[in-house]
> 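To start, I am sharing the structure in question, which I have written as structure tokens.
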Amino acid sequence: MRKVNVNDIRDVVSELCIEANVNLRGDIRKALKNAIRKEANKKAKHVLEILLQNARVASMENRALCQDTGMVSVYIRVGQDVKLVGGSLKEAIDRGVIDGYKKGFLRKSVVKSPILRDNTATNAPPIIYTDIVNGDGINITVMPKGFGSENKSKLKMLDPTADKKEIISFVLQAVKEAGPDACPPYILGIGIGGTFDKVASLAKQALILPVDNINPEKYLRKLERAIMKEVNKIGIGPMGLGGRTTCLGVNILEYPTHIAGLPVAVNVGCHITRSASKVI
Amino acid sequence: MQRITTPLTKSVRTQLKSGEEVLLSGTIYTARDVAHKRMANLMQKGKKPPIDLKNAVIYYTGPTPIRGDGLFGSCGPTTSSRMDNFTPGLLKMGLGGMIGKGKRNDEVRSSIERYKAVYFLAVGGAGAYLSKRIVSSEAVAFKELGPEAIYRLEISDFPLVVGIDSRGNDIYRRG
């Protein structure tokens with residue numbers, strides 16, 4: 001059995017918190033460049049160019065892409081042939097976030113109680129998703145999410161007889177309500193199926209996929225394309241100033257569900273949707 | 001592109017038109033959710049807010065911590081609509097301008113028109129880029145709030161778009 005010390009996990013979480021907040025994902029950088037080429041609206045084009053400059057300044061000078069360095073979700077998939085040693089996994093992950101946010105000069109945005117609202121001053125705790133998988137590896141993904149876009153996310157339990165049009169119209173409604181507020185052009189993570197709680201986590205995990213990801217299911221690929229096309233007709237555009245670039249990418253994750261339901265969740269991601277991964 | 005400086009007097013404000021791009025220089029103050037709530041509570045009790053609002057500009061932002069060079073690493077706008085409930089009261093006290101991102105509600109728009117103020121938009125999600133236009137910063141009130149404190153910033157050629165002008169024309173409510 002392979003032994004892994006939880007301190008190594010702490011160090012990787014710390015490193016990934018900084019990496020995600022400072023370096024714009026390559027897939028998003030590429031999508032922005034493509035959008036600049038296709039965008040006819042001059043103001044929209046100018047804003048997109050500023051976004052690329054922002055990414056350059058951030059990575060060259062080790063600055064956070066956005067001052068809202070988010071609340072962190074940590075996804076950890078532990079191989080069942082790994083034995084964790086050296087202490088508690090949860091504590092190691094918490095300490096990784098605390099360390100990364102301190103070293104990286106990242107903003108501490110987490111309050112201990114949503115009612116009392118005292119800042120924990122460390123950006124911990126993160127939200128931790130653990131999964132046991134085959135093998136002896138450990139895969140860690142860190143996803144800091146700002147609340148400008150998180151606040152605009154939506155969930156609806158549709159009827160099982162709902163057709164694709166109803167799904168599309170629900171997504172469109174969420175994007176229209178976000179309007180210019182949540183830093184368009186958006187990246188949409190969509191969850192379909194499962195239960196009330198499962199569908200929201202699917203939507204969030206869909207934001208980790210590259211924006212140019214090719215869905216393995218043909219019927220989902222078609223639905224993703226249809227949503228993308230409709231969203232880009234709304235005309236919100238970068239900074240809400242118009243143009244054809246309202247959405248940079250749509251990814252759908254599905255899960256089996258109940259005969260009586262069709263849960264749908266939209267996790268709205270901004271144009272610097274962040275995540276970083278590493279295998280130990 | 002027009003260059004403007006603070007204080008944002010009425011004569012400067014009334015020249016600006018919705019949709020116009022400007023570069024702002026001078027002194028501005030940061031304030032977001034909690035700072036707004038505290039200022040509203042103070043004013044409700046008949047006390048003065050901790051900053052002089054007359055012709056002042058408030059920037060809705062919660063910057064990342066100050067780095068080795070004495071400046072914020074990232075300092076972009078946060079969603080303005082969360083401040084909507086507090087804004088008419090501040091405009092009444094003479095606030096000249098606000099910087100943020102996204103839409104404002106009808107009450108804010110009509111208060112802006114009434115007091116001939118201006119709402120500016122900064123590019124959301126470009127905090128690293130925008131922080132380069134901040135020359136210096138100092139916490140001046142509610143320091144215990146960390147990123148939510150009120151900071152006085154000196155800015156130079158800070159790029160903005162006029163969102164709502166002093167006549168109440170709103171860039172997001174056209175045709």
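Reminder, nothing fancy here: chain letters follow the sequence lines and each chain counts from 1. On a predicted model such as this, the values are computed, not experimentally measured, just so you know.
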> For chain B, which residues of residues 53-60 of chain A have at least one non-hydrogen atom nearer than 4.5 Å to it?
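Under the 4.5 Å heavy-atom cut-off, Gln53(A), Asn54(A), Val57(A), Ala58(A) qualify.
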> Indicate yes or no for a side-chain donor-acceptor contact from Asn119(A) to the backbone of Leu145(B) under 3.5 Å, with no hydrogens or angles considered.
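Not confirmed, Asn119(A) side chain does not pair with Leu145(B) backbone.
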> Can you confirm whether Lys45(A) is buried at NZ, in the sense that more than 12 heavy atoms of other residues, nucleotides or ligands lie under 6.0 Å from that atom?
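Count over threshold, so yes.
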> Given heavy-atom pairs under 4.5 angstrom as the criterion, report whether the side chain, backbone, both or neither of Thr61(B) touches chain A.
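The answer is the side chain of Thr61(B).
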> Checking heavy atoms, do the side chain of Leu106(A), its backbone, both or neither come under 4.5 Å from chain B?
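It is the backbone, since no side chain atom gets that close.
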> Of all of Leu51(A), Leu241(A), Val47(A), Ile50(A), which one pairs up most often with chain B through heavy atoms under 4.5 Å apart?
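Maximum pair count with chain B is reached by Ile50(A).
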> Taking atom CD of Glu107(B) as the centre, does the number of heavy atoms from other residues, nucleotides or ligands within less than 6.0 Å exceed 12?
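Count not over threshold, so no.
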> To the nearest 0.5 Å, tell me how far Glu21(B) CD sits from His46(A) NE2.
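Rounded to the nearest 0.5 Å, the CD-NE2 separation comes to 5.0 Å.
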> Ile272(A) versus chain B, heavy atoms under 4.5 Å apart: side chain, backbone, both or neither?
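The side chain, not the backbone.
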> Return yes if some donor-acceptor pair links the side-chain N/O of Arg63(A) with the main-chain N/O of Gly127(B) below 3.5 Å, else return no.
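No; judged by distance alone, with no hydrogens or angles, the pair does not exist.
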> Which atoms of Glu148(B) come close to chain A, meaning under 4.5 Å heavy atom to heavy atom: side chain ones, backbone ones, both, or neither?
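Contact with chain A involves no heavy atom of Glu148(B) at all.
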> Quick one: list whatever passes side chain to side chain donor-acceptor pair (under 3.5 Å) with Asp84(B), sequence neighbours left out.
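So Asp84(B) forms a side chain to side chain donor-acceptor pair (under 3.5 Å) with Arg104(B).
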> Check whether any side-chain heavy atom of Arg67(B) lies under 4.5 Å from a side-chain heavy atom of Asn62(A), and answer yes or no.
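Heavy-atom side-chain distance check passes, below 4.5 Å.
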> Rounded to the nearest 0.5 Å, what separates atom CE in Met239(A) from atom OH in Tyr172(B)?
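Taking CE in Met239(A) and OH in Tyr172(B), the distance rounds to 6.0 Å.
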> Where is the tightest heavy-atom contact between Lys103(B) and Asp181(A), given as atom of each residue plus distance?
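Minimum heavy-atom separation between Lys103(B) and Asp181(A): N-OD1, 2.8 Å.
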> Checking heavy atoms, do the side chain of Asp33(B), its backbone, both or neither come under 4.5 Å from chain A?
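Nothing of Asp33(B), per the 4.5 Å heavy-atom cut-off to chain A.
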> Do you know which of Cys183(A), Pro180(A), Gly240(A) has the most heavy-atom pairs with chain B at a distance under 4.5 angstrom?
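Among Cys183(A), Pro180(A), Gly240(A), the one with the most close pairs to chain B is Pro180(A).
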> Nearest 0.5 angstrom please: Thr64(B) OG1 to Gln67(A) CD, how far?
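Result: 7.5 Å between the selected atoms.
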> Measuring from Ser74(B):OG to Glu61(A):CD, what's the distance to the nearest 0.5 Å?
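So the OG of Ser74(B) and the CD of Glu61(A) are separated by 11.5 Å.
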> Just wondering, do Pro65(B) and Lys108(A) contact through their side chains at under 4.5 Å, heavy atoms?
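Yes. Closest side-chain heavy atoms under 4.5 Å.
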> Given a strict heavy-atom distance threshold of 4.5 Å, which part of Ile66(B) is in contact with chain A: side chain, backbone, both, or neither?
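Contact with chain A: backbone only.
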> If we define contacts as heavy-atom pairs under 4.5 Å, which of Pro77(B), Gly62(B), Ala122(B) has the most with chain A?
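Looking at each of Pro77(B), Gly62(B), Ala122(B) in turn, Gly62(B) comes out on top.
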> Are the side chains of Asp68(A) and Thr78(B) in touch, meaning some heavy atoms are under 4.5 Å apart?
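The answer is no; the side chains never approach within 4.5 Å.
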> Name the region of Ala182(A), side chain, backbone, both or neither, that has any atom closer than 4.5 Å to a heavy atom of chain B.
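Just the backbone, heavy atoms under 4.5 Å.
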